[in-house]
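Take a look at the structure below.
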Amino acid sequence: MAILVIAEHDNASLKGATLNTVTAATQMGGDIHVLVAGEGCQAAADQAAKVAGVDKVLVADSAAYAHQLAENVSLLVAELGKDYSHVVAPATTSGKNFMPRVAALLDVAQVSDITRVESADTFDRPIYAGNAIATVQSLDAIKVITVRTTGFDAAAAEGGSAAVEAVGSTHDAGVSSFVGEEMAVSDRPELTAAKVVVSGGRGMGSGENFALIDAVADKLGAAVGASRAAVDAGFVPNDMQVGQTGKIVAPELYVAVGISGAIQHLAGMKDSKIIVAINKDEEAPIFQVADYGLVADLFDVLPELEKQL
Amino acid sequence: MKVLVTVKRVIDYNVKVRVKSDNSDVDLSNVKMAMNPFCEIAVEEAVRLKEAGVATEVVAVSLGAKNCQEQLRTALALGADRAIHVESDEVLESLTVAKLLKKVVEEEQPDLIVMGKQAIDTDNNQTGQMLAALTGYGQGTFASEVKVEGGKAQVTREVDGGLQTVELALPAIVTTDLRLNEPRYASLPNIMKAKKKPLDVKTPADLGVEVTSHTKVLKVTPPAERQAGIKVASVEELVDKLKNEAKVI
Ligand SMILES: Cc1cc2nc3c(=O)[nH]c(=O)nc-3n(C[C@H](O)[C@H](O)[C@H](O)COP(=O)(O)OP(=O)(O)OC[C@H]3O[C@@H](n4cnc5c(N)ncnc54)[C@H](O)[C@@H]3O)c2cc1C
Ligand SMILES: Cc1cc2nc3c(=O)[nH]c(=O)nc-3n(C[C@H](O)[C@H](O)[C@H](O)COP(=O)(O)OP(=O)(O)OC[C@H]3O[C@@H](n4cnc5c(N)ncnc54)[C@H](O)[C@@H]3O)c2cc1C
């Protein structure tokens, strides 16, 4: 049987997380069909058809799916999912929102946030803030899976030539509606896909001081992240939170500035290739995971670093 | 308006868990347990709705072994009016928890159900959404603001990229994110009073739900440990190491 991957997209284009999810799905074994549900989402569907390894693209174009409302999208995915061995989506806030609903509608479990595919029914997933890895076997006929994108390389965005098919059915559960959104605009790379991430913590002291981080990030072409404490204090918006309950990142280089290294923060970044910690407290736990630690005042270090890069 | 709030007993968030040497599970013997932090936020939100005159009754529910009554007592001390314990010594998977909660919802008929977005033990982030599917209710997951007015809930959600606001018909399900509120601490007099508040115990059989397994945990292993690296003395040395040793810039 085939595998149904639910694409993450903004109607105009496919999000990178979809590519990592296609790779995970490929490892489960089977033809890969990608569902693009949205409104005016033909462009995203055309992109999905070009992704290497994709055999078929299904497009469900309806106002009901415009904002990925979980109540509506889950009805569609559960209807289509009945004919698949696996239903797979990235563990983004969108995937986390509708996928458990799909699982319950299909009366199956969801295996959340997998980092490795051991076989068609067995997966690794981090639990307890990444302090343990559970190898979980799904006993259900249909496996509903969300994928931690940092665990899988991105499939090639070009090279495929899948057929694109329209899906007729429209589901509107009628219990929810979209009111509005406030999206952070940034021309930096996306946090979860960036090669370099520079993050600031409570030690930054204020939102204005994040300009020091921005300056270094500009030099490195980096994304900017933050600890929960920095978000709670209102220095930066919520979507910059890295950690167990925020975003999971695994860049080539992660620079933690004024971050102590609580287990919840480490859960979101300890799979980075190289970790740098800048902290004035030499006892800070962040140094236990850092490849390079600099014990110093960040207000001296950041301007100097910007100059030397 | 009645609010139902779920409370899960989990490892205290300050504790770093260890894997058992036989790789069967994590070792929870003699480990400090507590209310899941996201459930604390859920209880706080429910109690604030009552204090604001929007809610009239707050009912806390927990599912699991006998000792989760400790967390229910905490919820009562924080302001819940009564509690329901669904007692079971078996591993309750999220789908089973959702099925049991659905029965509780049918009996209690709450207008709003507030849950944590994620239990910090198994980090599944799915039970609230599953309950929403089984009841057919709308869901406001990862909430940073909840407004209840005129038979509807407006929920602002923390999503990748920023914030999204949705409107839900009641009854509805809300799952809490970190910025929804700052939970209070229980005062000593309230802890004493909580001991006298009603706590009903039911079993899955009473609710007519069979506890089944859809997953099997084959093993639990420790993650790859990172070795601590070196301390550098200056920015210059740091830049040199990143360029010439790690070759990442
Ligand atoms: C349920 C739950 C979920 C959570 N989820 C997350 C999560 O997803 N992500 C997350 O990050 N946290 C999370 N946390 C919070 C976590 O436990 C810590 O509280 C948080 O990570 C601390 O942030 P911080 O390191 O910025 O602040 P602090 O721990 O206060 O550390 C600040 C650091 O800055 C240093 N510093 C101060 N001034 C300077 C200076 N001038 N120069 C250099 N260094 C300086 C200090 O030495 C200190 O080490 C969660 C907590 C709970 C309970
Ligand atoms: C090593 C290991 C791996 C596992 N992997 C999986 C897996 O991949 N998939 C799977 O389905 N199960 C798995 N399980 C079973 C898992 O323990 C249960 O799924 C879990 O206890 C149910 O809650 P949750 O952690 O999923 O909750 P989440 O969905 O993360 O919790 C969300 C909210 O639901 C409410 N809630 C959840 N459970 C309760 C409860 N018992 N009482 C009161 N409120 C509650 C709380 O408000 C909580 O904040 C695994 C178990 C183990 C030991």
Side-chain angles (χ1 to χ4, degrees), chain A residues 70-71 74 92-93 96-97 100-101 103-105 108-113 122 127-140 175-184 220 228 232 237-239 245 252-253 263 270 274 276 287-295 301 304-305 308-309, chain B residues 11 16-17 19 26 93-95 98 118 120-126 129-130 132-134 136-139 141-142 144 154 158-169 178-179 213-223 226 228-232 235-236 238-239 241-242 246 248-249:
Chain A
E71 297 80 358
S74 61
T92 53
T93 51
K96 285 173 178 170
N97 192 34
R101 232 180 140 110
L105 291 172
V108 301
Q110 169 175 294
V111 182
S112 300
D113 227 4
T122 304
I127 53 175
Y128 291 89
N131 288 307
I133 309 293
T135 303
V136 181
Q137 182 179 29
S138 162
L139 308 175
D140 291 311
V175 290
S176 61
S177 58
F178 172 82
V179 176
E181 63 188 8
E182 256 176 70
M183 290 295 168
L220 292 168
R228 171 191 175 180
D232 282 5
N238 62 276
D239 81 307
T245 62
E252 297 280 302
L253 172 63
I263 50 177
K270 71 182 164 67
I274 297 289
V276 170
F287 287 121
Q288 291 164 21
V289 299
D291 299 279
Y292 303 111
L294 180 54
V295 181
V301 170
E304 183 63 28
L305 186 58
Q308 295 205 21
L309 286 170
Chain B
I11 189 168
K16 186 171 169 189
V17 79
V19 169
V26 296
E93 292 182 0
S94 314
L95 184 61
Q118 162 178 358
I120 60 159
D121 49 5
T122 40
D123 283 332
N124 273 320
N125 194 332
Q126 58 190 28
Q129 298 87 316
M130 286 180 161
L134 298 179
Y137 295 168
Q139 65 187 48
T141 52
F142 328 141
S144 65
Q154 268 217 358
E158 293 199 358
V159 295
D160 296 338
L163 298 169
Q164 182 195 58
T165 304
V166 292
E167 187 168 83
L168 309 170
L178 295 168
R179 261 73 56 182
S213 298
H214 291 257
T215 59
K216 194 167 152 193
V217 177
L218 302 183
K219 62 176 194 281
V220 177
T221 47
R226 270 194 100 92
I230 58 161
K231 293 259 167 62
V232 291
V235 171
E236 206 174 348
L238 175 63
V239 172
K241 293 278 184 203
L242 292 176
V248 286
I249 60 171

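Computation of the quantities below employed the complete heavy-atom set of this structure, encompassing side-chain atoms and omitting hydrogens, waters and symmetry-equivalent molecules. In what follows, every chain begins at residue 1, and chains take the letters A, B, ... in the order their sequences are listed. Small disclaimer: the values here were computed from a predicted structure and weren't measured.
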Contacting region of A:E71 [heavy-atom separation from chain B under 4.5 Å]: side chain

Between A:E182, A:Q288, A:E304, the one whose heavy-atom pairs under 4.5 Å with chain B are most numerous: A:E182

Residue, of A:L139, A:L105, A:V136, that accumulates the most heavy atom pairs under 4.5 Å with chain B: A:L139

Under 4.5 Å from a heavy atom of chain A, the part of B:I249 involved: side chain

Minimum heavy-atom distance A:A103-B:M130, with the two atoms named: CB-CE, 3.9 Å

Chain B contact via A:D113 - which portion, at a heavy-atom distance below 4.5 Å: neither

Flag side-chain contact, heavy atom, 4.5 Å: B:R179 against A:D232: yes

Side chain proximity check, A:K270 to B:P223, heavy atoms < 4.5 angstrom: yes

Which atoms of B:V217 approach chain A - backbone, side chain, both or neither, heavy atom under 4.5 Å: both

Sub-4.5 Å side-chain heavy-atom contact between B:F142 and B:N125: yes

Under 4.5 Å from a heavy atom of chain B, the part of A:T245 involved: both

Distance (rounded to the nearest 0.5 Å) between B:E236 CD and A:L305 CG: 12.0 Å

Options A:L309, A:V111, A:V289, ranked by heavy-atom pairs under 4.5 Å with chain B, top entry: A:V289

Heavy-atom contact with chain B under 4.5 Å, split by part of A:A290: backbone

Flag side-chain contact, heavy atom, 4.5 Å: B:T221 against B:V19: no

B:V26, part contacting chain A, at a heavy-atom distance under 4.5 Å: side chain

Interface residue of largest heavy-atom contact number with chain A, from B:Q164, B:K231, B:Q118, under 4.5 Å: B:K231

B:L163 vs B:E158 side-chain heavy atoms within contact, under 4.5 Å: yes

Which portion of A:I263 sits near chain B, non-hydrogen atoms under 4.5 angstrom: side chain

Contact winner vs chain B - A:R101, A:Q308, A:R228, heavy-atom pairs under 4.5 Å: A:R101

Full working for side chain to side chain contact (heavy atoms under 4.5 Å, CB included) between B:L95 and A:V108: CA-CA 7 Å; B:L95 184 61; A:V108 301; 5.6 Å; no

Choice from B:V232, B:L168, B:T141 maximising heavy atom contacts with chain A below 4.5 Å: B:V232

Which of B:G161, B:G229, B:P222 touches chain A most, by non-hydrogen pairs under 4.5 Å: B:G161

Any side-chain heavy-atom pair of A:D291 and B:R226 under 4.5 Å: yes

Chi angles and distances behind the side chain to side chain contact (heavy atoms under 4.5 Å, CB included) call for B:I230, B:K241: CA-CA 10 Å; B:I230 58 161; B:K241 293 278 184 203; 3.7 Å; yes

B:L238 versus chain A, the contacting section by heavy-atom distance below 4.5 Å: side chain

Which of A:V175, A:T122, A:T92 touches chain B most, by non-hydrogen pairs under 4.5 Å: A:V175

Interface residue of largest heavy-atom contact number with chain A, from B:K16, B:E93, B:Q154, B:Q139, under 4.5 Å: B:Q139

Chain B interface, residue from A:I274, A:V301, A:V295 that has the most non-hydrogen pairs under 4.5 Å: A:I274

Interface residue of largest heavy-atom contact number with chain A, from B:V239, B:I11, B:I120, under 4.5 Å: B:I120

Note, A:L294 side chain near A:V276 side chain (heavy atom, < 4.5 Å): no

Side chain to side chain contact (heavy atoms under 4.5 Å, CB included) between B:D160 and A:D239, worked out: CA-CA 6 Å; B:D160 296 338; A:D239 81 307; 5.8 Å; no

CA sep, side-chain torsions, deciding dist, call: B:S144, A:N238, side chain to side chain contact (heavy atoms under 4.5 Å, CB included): CA-CA 10 Å; B:S144 65; A:N238 62 276; over 6 Å; no

Closest approach of B:V220 to A:A132 (non-hydrogen atoms, all atoms of both residues): CG1-CB, 3.8 Å

Structural part of A:L220 lying under 4.5 Å from a heavy atom of chain B: side chain

Toward chain A, the part of B:V159 with a non-hydrogen atom under 4.5 Å: both

Part of B:S94 lying under 4.5 Å from any heavy atom of chain A: neither

Side chain, backbone, both or neither of B:A246 within contact of chain A (heavy atoms, under 4.5 Å): both

